[in-house]
Number of protein chains: 2
Amino acid sequence: MANTSSRTLRLLSLLQARRYWPGPRLAEELGVSARTLRRDVDRLRELGYPVDAQPGVDGGYALAAGAALPPLVVDDDEAMALAVAIQSHLATGDGGDSALRALTKVVQVMPRRLRARLDAVRSSTTSAIWAAEVGAPLDHAVLSTVALGCRDRERIRFDYVAAAGSPSSRLVEPAQLVALGPRWYLVGYDLDRHDWRTFRIDRIVTADSTGTSFAPRTPPFDDVATYVRSRVLGDSHAGRHRVEVVVEASADAVRARVGRWAAVRSDSPTRCTMTMETDSLEGPLFALGSVGAQFSVVSPPELAALAHDWGARFGRA
Amino acid sequence: MANTSSRTLRLLSLLQARRYWPGPRLAEELGVSARTLRRDVDRLRELGYPVDAQPGVDGGYALAAGAALPPLVVDDDEAMALAVAIQSHLATGDGGDSALRALTKVVQVMPRRLRARLDAVRSSTTSAIWAAEVGAPLDHAVLSTVALGCRDRERIRFDYVAAAGSPSSRLVEPAQLVALGPRWYLVGYDLDRHDWRTFRIDRIVTADSTGTSFAPRTPPFDDVATYVRSRVLGDSHAGRHRVEVVVEASADAVRARVGRWAAVRSDSPTRCTMTMETDSLEGPLFALGSVGAQFSVVSPPELAALAHDWGARFGRA
DNA sequence: ACCATTGCGGCCACTTCCTGACCGCGTTGC
DNA sequence: GCAACGCGGTCAGGAAGTGGCCGCAATGGT
């Protein structure tokens with residue numbers, strides 16, 4: 001710990017952990033003279049991290065918001081919180097690419113004991129309420145393995161359960177991860193089938209990095225999202241529903257409830273048609289209930305049946 | 001950038017951004033000789049960050065998972081993703097203290113432009129579906145201002161809208177933030193009223209740090225959570241409901257749906273009583289619907305009425 | 001008005017270490 | 001066996017980091 005750079009890092013961490021530090025206190029904490037502390041502060045400033053200083057009695061040093069993000073010095077618990085938050089955020093389908101990169105960074109440098117804790121926390125905090133809507137919770141181990149594979153161009157091997165339920169083992173050169181709605185997909189080159197394939201992340205059972213890298217292939221698409229969308233819609237996934245409902249309310253009122261989740265087409269000032277894709281029928285039903293307007297289900301019939309069931313039970317309650 | 005410590009930091013960032021780096025490539029990137037690169041790698045190892053190296057053709061350096069968390073070097077987008085994810089995680093009431101600390105760290109060092117983006121993103125991505133349940137979305141600006149005030153013992157000033165709807169301006173010495181269910185509370189010493197008060201974060205309109213620090217007072221409680229709970233339950237909040245429902249299903253089946261949200265008491269193998277506190281009646285109704293069992297509402301009458309309304313509409317659909 | 005506290009920056013001498021340049025060695029994969 | 005690569009030793013020159021001084025400016029309390 002006698003190193004200069006390590007001390008600078010520790011100074012940064014101290015300044016991130018508490019706002020104001022009196023100079024002498026910092027110097028003592030770092031085990032250097034006050035003069036050297038000033039030089040360390042200068043060093044931080046040269047690195048682009050603005051450190052405010054206040055003279056006078058009760059003065060001190062404080063880390064200010066600057067142009068560049070300083071390295072985040074987080075402790076175990078904070079790293080856990082970050083990882084858990086990003087995971088549950090990814091599981092809702094928001095976040096996208098940069099969130100995935102951030103998760104990858106956090107997980108990659110996590111000590112093994114923390115990863116174990118992360119697994120434990122994930123399995124215990126999955127909110128049962130929303131689980132029906134977001135589908136199977138994302139397995140962070142699978143997701144980060146795959147993400148690392150994409151980033152570092154390393155072949156991965158995993159067991160895959162197809163829509164029909166038949167399991168298979170795959171050796172794939174991962175190209176890209178795409179979030180489509182609440183679902184994550186991997187586009188990669190399947191080395192056994194000698195062709196490009198699209199995999200649903202929550203259908204991947206266990207993924208392992210093989211450690212062998214590969215040269216990137218030219219992908220058969222221009223826009224990944226479009227490609228995946230066409231592939232996914234072409235398949236008729238078991239359990240996937242195309243919901244269409246006519247609601248006796250203004251399109252705006254419905255949009256205010258469902259947000260970007262569904263497409264809402266205005267038919268008249270007091271009527272609109274809502275279209276969405278989902279795995280769970282309970283989510284749309286909840287949305288329809290909270291809109292507070294009369295509606296009729298165009299498709300699928302399962303939704304109409306479910307509405308009838310809920311209606312009967314709610315009516316008797 | 002001629003500095004040694006800055007170079008070490010950059011090396012760390014490079015290793016976090018991509019898995020394998022051939023030595024010569026890294027050396028070139030950092031503008032030093034290969035020998036110096038080796039020494040830099042050694043330095044990182046001395047700091048506790050394990051760097052794997054693979055000799056032979058196609059070898060290189062890779063950052064491995066170690067005992068300590070290295071400083072996270074994230075870019076703007078990743079920081080945004082982290083902040084957004086933590087916010088929405090906090091808004092669900094999970095996460096707790098360490099998540100709040102992490103958010104505080106991230107936000108504190110964020111450049112101003114990023115904070116602006118964060119505001120924009122927050123307001124545009126608040127999921128309308130769950131908004132009814134989680135209540136007013138957390139305002140990250142308020143939350144982080146308050147959190148910083150607690151951490152750094154700085155007085156804060158804010159406008160508060162009481163449960164009755166009457167606005168007031170407060171000058172408070174913040175002591176602690178507490179998450180109680182889906183809601184965040186601030187416990188602090190109100191300097192105008194000369195007494196301890198509990199504030200609901202989502203009722204705080206705008207919060208500003210005054211910059212004046214204060215000496216910590218001895219709080220009038222041992223356990224903050226207990227204190228807040230007693231204070232909050234004592235008040236009869238407008239819009240707050242105590243829900244009690246008898247469900248014709250096993251307690252385990254109900255628990256599997258509602259998770260830790262509600263208290264479930266088993267009455268018989270096929271009947272149980274569910275008790276919860278909530279602001280929104282739609283959330284419990286959704287849970288009851290998805291349980292798929294018959295139920296009867298004990299209280300409040302509003303819930304029974306709402307169930308009846310939903311039931312009528314669902315039945316006609 | 002005076003004082004203590006705190007931060008700022010210059011100066012200097014001493015010490016440390018950092019750097020680039022060699023070298024030979026072991027490992028890996030072709 | 002060869003090439004590519006990482007490892008570690010050594011050496012000399014030079015560039016830092018360091019602590020101790022100094023006077024100065026700003027702040028807040030007495």
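If you're wondering where the values come from, they're calculated on a predicted model, not measured in any experiment. Each chain gets a letter, A, B and so on, in the order the sequences are listed, and its residues count up from 1.
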Rounded to whole Å, the OH-C1' distance (A/Y20 to D/dG28) equals 15 Å
DNA chain C: A/R39 or A/R45, which has the more 5' nearest nucleotide?
A/R45
Regarding A/R38 and A/T36, do their side chains bring together a donor and an acceptor under 3.5 Å, going by distance alone?
no
5'-most contact on DNA chain D (nearest-nucleotide basis), B/P22 vs A/G31, goes to B/P22
Quick note, B/Y61 side chain, CB onward, closest among D/dG17, C/dT6, D/dC7 is D/dC7
Given D/dT18, D/dT10, C/dG7, identify the nucleotide with an atom nearest to the side chain of B/R35.
D/dT10
Looking across every strand, which nucleic acid part, if any, lies under 4.0 Å from B/R25 by heavy atom: base, sugar-phosphate, or nothing?
nothing
Under a plain distance cut-off of 3.5 Å, with no hydrogens placed, do B/R170 and B/S168 share a side-chain donor-acceptor pair?
yes
Residue pair A/Q54/A/S33 against DNA chain D: nearer the 5' end by closest nucleotide is A/S33
Quick note, B/A53 side chain, CB onward, closest among C/dC18, C/dG9, D/dC7 is D/dC7
In whole angstrom, give the distance that lies between atom CD of B/E46 and atom C1' of C/dC17.
12 Å
Which whole-number value in Å describes the distance from A/D40 CG to C/dC8 C1'?
15 Å
With a cut-off of less than 4.0 Å, is there a side-chain N or O of A/T4 near OP1 or OP2 of C/dC17?
no
Phosphate contact (C/dC18 OP1 or OP2) by B/R43 side-chain N/O below 4.0 Å:
yes
Is the shortest heavy-atom distance from the side chain of B/L143 to the side chain of B/L100 under 4.5 Å?
yes
Can you tell which of D/dG19, D/dG17, D/dA26 lies closest to the side chain of A/P55?
D/dA26
Report the residue (A/L37 or B/T36) whose heavy-atom-nearest nucleotide on DNA chain C is the more 5′ of the two.
A/L37
Please report, rounded to the nearest Å, how far the P atom of D/dC7 is from the CG atom of B/L26.
12 Å
Say you draw a straight line from CG of A/L69 to CG of B/L72; how long is it, rounded to the nearest 0.5 Å?
11.5 Å
What's the CD-P distance between A/E28 and C/dT6, to the nearest Å?
13 Å
What's the closest nucleotide to the B/R38 side chain, out of D/dT18, D/dG6, C/dG9?
D/dG6
Do A/R151 and A/Q108 have side-chain N/O donor and acceptor atoms under 3.5 Å apart?
yes
Quick one: are the ring centres of A/Y160 and A/F199 less than 6.0 Å apart?
yes
From CG of A/L15 over to P of C/dG7, roughly how many Å is that when rounded to an integer?
12 Å
One would report the end-axis bend of the helix from C/dA1-D/dT30 to C/dC30-D/dG1, five pairs per end and rounded to 10 degrees, as 50°
Using ring centroids (six-membered ring only for Trp), state whether B/W21 and B/Y61 fall under 6.0 Å.
no
Go through C/dG20, D/dG6, C/dG9 for me and flag the one nearest to the A/D42 side chain.
C/dG9
Distance only, no hydrogens: is a donor on one side chain within 3.5 Å (strictly under) of an acceptor on the other, for B/E154 and B/S209?
yes
Rounded to whole angstrom units, what separation is found between the CZ atom of B/R7 and the C1' atom of D/dG17?
15 Å
